[in-house]
Structures are given as C-alpha cells and as structure tokens.
Amino acid sequence: MSPESPLATTLDPDAPRKPKPRVFSGIQPTGELHLGNWLGAVRTWRAQIEEGRDDTMFCVVDAHAITVPYEAAELRQKIDAFAIDLIACGIDPEKTTLFVQSDVREHTELAWYLAGVTPYGELGRMTQFKEKGEGKDFVSTGLFTYPVLMSADILLYKATIVPVGEDQIQHLELARETVRRFNHRFGPVFVEPQPRLSTTPRVMGLDGESKMSKSKGNTINLFEPKEEFWQKLRTAFTDPQRLTRTDPGRPELCNIFTMHKAVSDAQTQSEVAENCTGAKWGCVDCKKVLMEGFERELVPLRAKREALSMSHVRQALGDGAEKARRIATETMKEVREVMGLGSLAT
Ligand code: TYM
C-alpha cells in the first residue's frame with residue numbers, strides 16, 4: 001500500500017480514531033428559558049434531533065449554576081422546570097439523550113483531570129468570567145474554572161458538534177485547545193469539537209444594548225403568557241435612528257429584524273425590510289407581524305408543555321443519565337489509564 005492511500009491513515013495505530021458524529025450541548029437551569037436560548041441554541045438542538053443523522057445528547061448543566069450564589073431549593077425546582085421546557089421545545093427523550101449533569105459524576109471528575117492541562121492564563125482571559133465576576137464582592141474559584149467543566153462536559157462524550165450561541169465560542173475554543181494539549185501529552189483520546197451556530201447566534205436584549213441574558217434582566221421568556229410576551233416585544237428597542245414613524249429604518253441594525261430572520265418566511269422578511277426602509281410601517285406594525293410568527297411556533301410548544309407530567313419527565317431524565325453514564329464510564333477508563341491514575345482494575 002502506498003503511503004498516499006487513504007487506508008494508510010486508518011491503519012496507523014497512533015492516529016486518532018475517526019469520531020462517530022456526536023452532538024452535545026447544555027443549558028444552565030437559572031432564570032427562565034428565553035428567546036436568546038431558543039433562537040441561539042435550543043431550536044438548533046431540535047433541528048439536529050429531527051435530522052436524525054447524528055447521536056445527540058443534551059444536558060441541564062446544574063453544576064455550572066453553583067458557580068454564583070444560589071438557593072439550593074430553587075435550583076432543584078429550576079432543574080425540573082428546564083427539563084420540562086426542553087422537552088416541550090422538542091428535545092424529545094424518545095429521540096435523544098436528555099439528562100442532568102450532576103447525575104453523571106464523571107463530569108466533575110474529568111474536569112479536575114483536565115484542569116491539569118488547562119493553562120491558568122487562558123481562564124483569566126475568558127470574557128464571561130470577566131463579565132460575571134466584575135464588581136462582585138465574592139468571586140468563586142468555580143466561576144474561574146467554569147470553562148474547564150464545560151470542556152469536560154463535551155470531551156466526556158467525545159462530542160464532535162456543539163450547537164451554541166456566539167457567547168460560548170470562546171469556551172469552545174478553549175475546549176479544542178484542551179484536546180490538543182491532552183492528546184499531545186497522553187495520546188489520542190479526545191476529538192476536537194466544532195461549534196455549530198444558528199442563523200441568530202446573538203439575540204440582543206430588549207434594551208438593544210447588550211446580548212439577551214438572564215443576568216441582565218433584558219429577556220423575553222419563551223413560555224411567558226402571550227399578553228406579557230407581546231407587551232415586552234412591543235416596547236423592545238429597535239433602530240435608534242428611527243425616532244418617528246416617517247424615519248426610514250435600517251433592518252440590518254435592528255434586533256426585531258434579526259428575529260424576523262429566524263421566525264418569518266422569506267416573503268415576509270422582504271416585505272418587512274421594504275416597509276421598514278421605506279418608512280411605510282411603524283416599528284409596532286413590524287413587531288405585530290413578528291408576534292404572529294412567534295405565535296405559530298409557540299402555540300404547539302405551550303400545548304406540549306401543558307400536557308407533560310413530572311413523573312414522565314423524571315423517568316426520562318433517569319433513563320438519559322443511565323445512557324450518558326455508560327459512555328462516560330468508558331471514556332473515564334481510558335482517561336485514568338493514559339494518565340496513570342488509580343490502583344484498582346476498573
Ligand atoms: P447558557 O445556559 O447561558 O445558554 C444556553 C445556550 O443559549 C445560548 N444563548 C444565546 N444565543 C443567542 N443569543 C443570546 N442572547 C443567547 N443567550 C444564550 C448560549 O450560547 C448557549 O448555547 N456555558 C453554557 C452551558 C454549557 C455548555 C456546556 C454548552 C455548559 N456546558 C457544554 C455547550 C457545551 C451556558 O452557560 O449556556
């Protein structure tokens with residue numbers, strides 16, 4: 001066989017194994033599921049599941065949520081609430097693996113091992129750490145090492161595709177670097193995960209100033225009652241140059257148009273753009289059309305959510321954790337072995 005033959009690579013015992021496509025992503029059970037989560041991530045998760053091609057895993061990352069001050073009883077309740085919301089959003093446990101992070105202990109174990117190959121300096125550069133820690137009296141070590149746990153979440157399942165919003169790209173880059181460092185030092189155990197962005201990877205908040213975010217209080221929550229949803233959308237910030245109805249708007253700079261791109265069909269989008277730039281519609285007209293688009297998406301989701309029982313959800317999470325644990329156990333065997341850890345046969 002010539003060295004150029006494609007088989008030459010597959011037969012090389014030191015070459016990393018060709019990864020089976022696996023999708024993994026997670027969400028923190030804090031605040032409420034909002035439009036940024038939905039349009040930036042969860043809707044892409046649903047699409048990945050519906051495509052049915054890759055193995056998919058989605059996780060409620062409760063261990064990430066304890067890196068800032070929190071109430072234990074509230075966290076428990078939020079874990080359930082997020083699991084219900086995700087299932088209502090089409091993260092169907094019959095078709096995917098849905099589980100809670102702390103039900104699979106290997107996440108925290110791997111995080112500690114990966115900390116040994118994660119450069120301290122890189123963690124200090126993480127934007128989210130700087131934003132969340134800024135001006136706080138107490139900043140936990142967990143907030144600093146948060147991205148290491150995130151790397152562990154992904155690498156534990158050797159995930160190759162990670163659908164996230166833009167704000168997680170920096171963390172994902174660190175995970176990729178961690179793979180390179182780990183494999184270089186211990187051998188080809190992990191695979192480099194690739195981010196997958198939606199068409200709306202950065203949904204701005206109602207204030208129009210910063211990203212829609214639970215911590216900024218500028219969200220529209222996905223399962224907000226229709227009337228409250230509309231009241232928030234109605235007052236949302238638009239193009240700052242459109243002070244009166246007769247000012248022509250700039251759709252490319254308007255967060256409302258960004259959302260239209262996600263929920264309205266192509267014809268509606270061009271109608272909106274034309275009426276905005278030509279100052280034929282006011283911003284409220286444009287928002288009314290957007291609201292119709294959201295309603296088309298949300299009515300079935302609300303109905304599904306109403307119909308879900310907690311016992312069904314718990315059963316699904318238990319099954320999901322069991323499936324996840326099986327993969328996690330295998331990875332950890334490999335990791336302990338290559339790192340020279342432990343004294344007992346596993
Ligand atoms: P979290 O819980 O903040 O957000 C969940 C997902 O929603 C996306 N998102 C947005 N997308 C667009 N516009 C917005 N305004 C917006 N706000 C949130 C986030 O990018 C994310 O994809 N660290 C992660 C959770 C995590 C994770 C993981 C993700 C932990 N381990 C492993 C992927 C893989 C976080 O805090 O997401």
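What's counted below: heavy atoms across the whole structure, side chains too, no hydrogens, waters or symmetry copies. Counting convention: from 1, in listed order, for ligands and their atoms alike.
Contact between His34 and ligand 1 is present, with at least one heavy atom of the residue lying under 4.0 Å from the ligand. Judged by the shortest distance from any of its heavy atoms, Met204 lies outside the 4.0 Å radius around the atoms of ligand 1. Contact between Ser25 and ligand 1 is present, with at least one heavy atom of the residue lying under 4.0 Å from the ligand.
Among protein heavy atoms, atom 28 (C) of ligand 1 sits closest to Met150 CG, 3.4 Å. The protein atom (non-hydrogen) at minimum distance from atom 22 (O) of ligand 1 is Gly165 N, 3.1 Å. Atom 11 (N) of ligand 1 has Gly36 O, 3.2 Å as its closest protein atom, hydrogens excluded (heavy atom only). Considering only non-hydrogen protein atoms, atom 13 (N) of ligand 1 sits nearest to Val203 N, 2.8 Å.
Annotation for ligand 1: atoms under 4.0 Å from non-hydrogen atoms of Gln28 are 2 (O), 36 (O). Near Lys211, the atoms of ligand 1 lying under 4.0 angstrom from a non-hydrogen atom of the residue are 14 (C), 15 (N). Near Arg202, with a cut-off below 4.0 Å to any heavy atom, the atoms of ligand 1 are 12 (C), 13 (N). Which parts of ligand 1 touch Asp153 is read off a 4.0 Å heavy-atom cut-off, strictly below it: atoms 28 (C), 30 (C), 31 (N). For ligand 1 and Ile27, the ligand atoms under 4.0 Å from any heavy atom of the residue are 2 (O), 5 (C). Residue-ligand proximity, Gly40 to ligand 1, at heavy-atom distances under 4.0 Å covers atoms 11 (N), 12 (C). Of all atoms in ligand 1, numbered sequentially from 1 with element shown, those under 4.0 Å from a heavy atom of His64 are 30 (C), 31 (N). The contact set between ligand 1 and Pro201, taken as ligand atoms under 4.0 Å from a residue heavy atom, comprises 11 (N), 12 (C), 13 (N).
The side chain to side chain donor-acceptor pair (under 3.5 Å) test applied to Ser151 returns no partner, not counting sequence neighbours.
At a 3.5 angstrom cut-off on N or O pairs, Thr200 does not count as close to ligand 1. Between Val162 and ligand 1, no pair of N/O atoms sits closer than 3.5 Å. Every N/O-N/O distance between His171 and ligand 1 stays at or above 3.5 Å. Polar contact with ligand 1: present for Asn37 (N/O pair, distance under 3.5 Å). Between Ile154 and ligand 1, not a single N/O pair is under 3.5 Å apart. Taking only nitrogen or oxygen atoms, main chain and side chain alike, Ala41 does not reach within less than 3.5 Å of ligand 1. Considering backbone and side-chain atoms together, Pro163 places no N or O closer than 3.5 Å to any N or O of ligand 1. At under 3.5 Å, a nitrogen or oxygen of Gln168, whether backbone or side chain, sits near a nitrogen or oxygen of ligand 1.
Salt bridge present: Arg305 and Asp85 bring a charged side-chain N and a carboxylate O closer than 4.0 Å. Asp92 has no carboxylate O lying under 4.0 Å from a charged side-chain N of Lys304, or vice versa, which leaves the two without a salt bridge. A salt bridge links Glu177 with Arg181: the distance from a Lys NZ or Arg NE/NH1/NH2 to an Asp or Glu carboxylate oxygen falls below 4.0 Å. A salt bridge links Arg302 and Glu295; the closest N-O separation between the charged side-chain nitrogens and carboxylate oxygens is under 4.0 Å. Using a 4.0 Å cut-off between a side-chain N of Lys or Arg and a carboxylate O of Asp or Glu, Lys211 and Glu166 do not qualify as a salt bridge. A salt bridge links Arg180 to Glu192: one of the charged nitrogens lies within less than 4.0 Å of a carboxylate oxygen. Ion pairing of Lys95 with Glu50 is absent here, as no side-chain N (NZ or NE/NH1/NH2) approaches a carboxylate O to less than 4.0 Å.
Only one option out of Thr160, Asp55, Thr56 pairs with Arg22 in a side-chain hydrogen bond (donor to acceptor under 3.5 Å, both in side chains); it is Asp55. Thr200 pairs in a side chain to side chain contact (heavy atoms under 4.5 Å, CB included) with only one of the listed residues (Asn255, Leu39, Thr44, Leu35), which is Leu39.
With no hydrogens or angles considered, no side-chain donor-acceptor pair links Glu271 and Gln267 at under 3.5 Å. For the residue pair Asp153 and Gln101, a side-chain donor N or O sits within less than 3.5 Å of a side-chain acceptor on the partner.
Compare Tyr146, Tyr157, Phe82 by their heavy atoms: the one nearest to atom 35 (C) of ligand 1 is in Tyr146. Of the listed residues (Gly26, Pro195, Ser210, Pro193), the one carrying the non-hydrogen atom nearest atom 25 (C) of ligand 1 is Gly26. Taking each of Asn255, Asp167, Thr219 in turn, the one with a heavy atom nearest to atom 20 (O) of ligand 1 proves to be Asp167.
Aromatic ring centres of Phe190 and Tyr113 lie farther apart than the 6.0 Å criterion allows. Aromatic rings from Phe129 and His171 are positioned such that their centres are separated by 6.0 Å or more.
Residues Ile169 and Met204 do not share a hydrophobic cluster, clusters being chains of Ile/Leu/Val/Met/Phe/Trp/Tyr side chains in contact below 4.5 Å.
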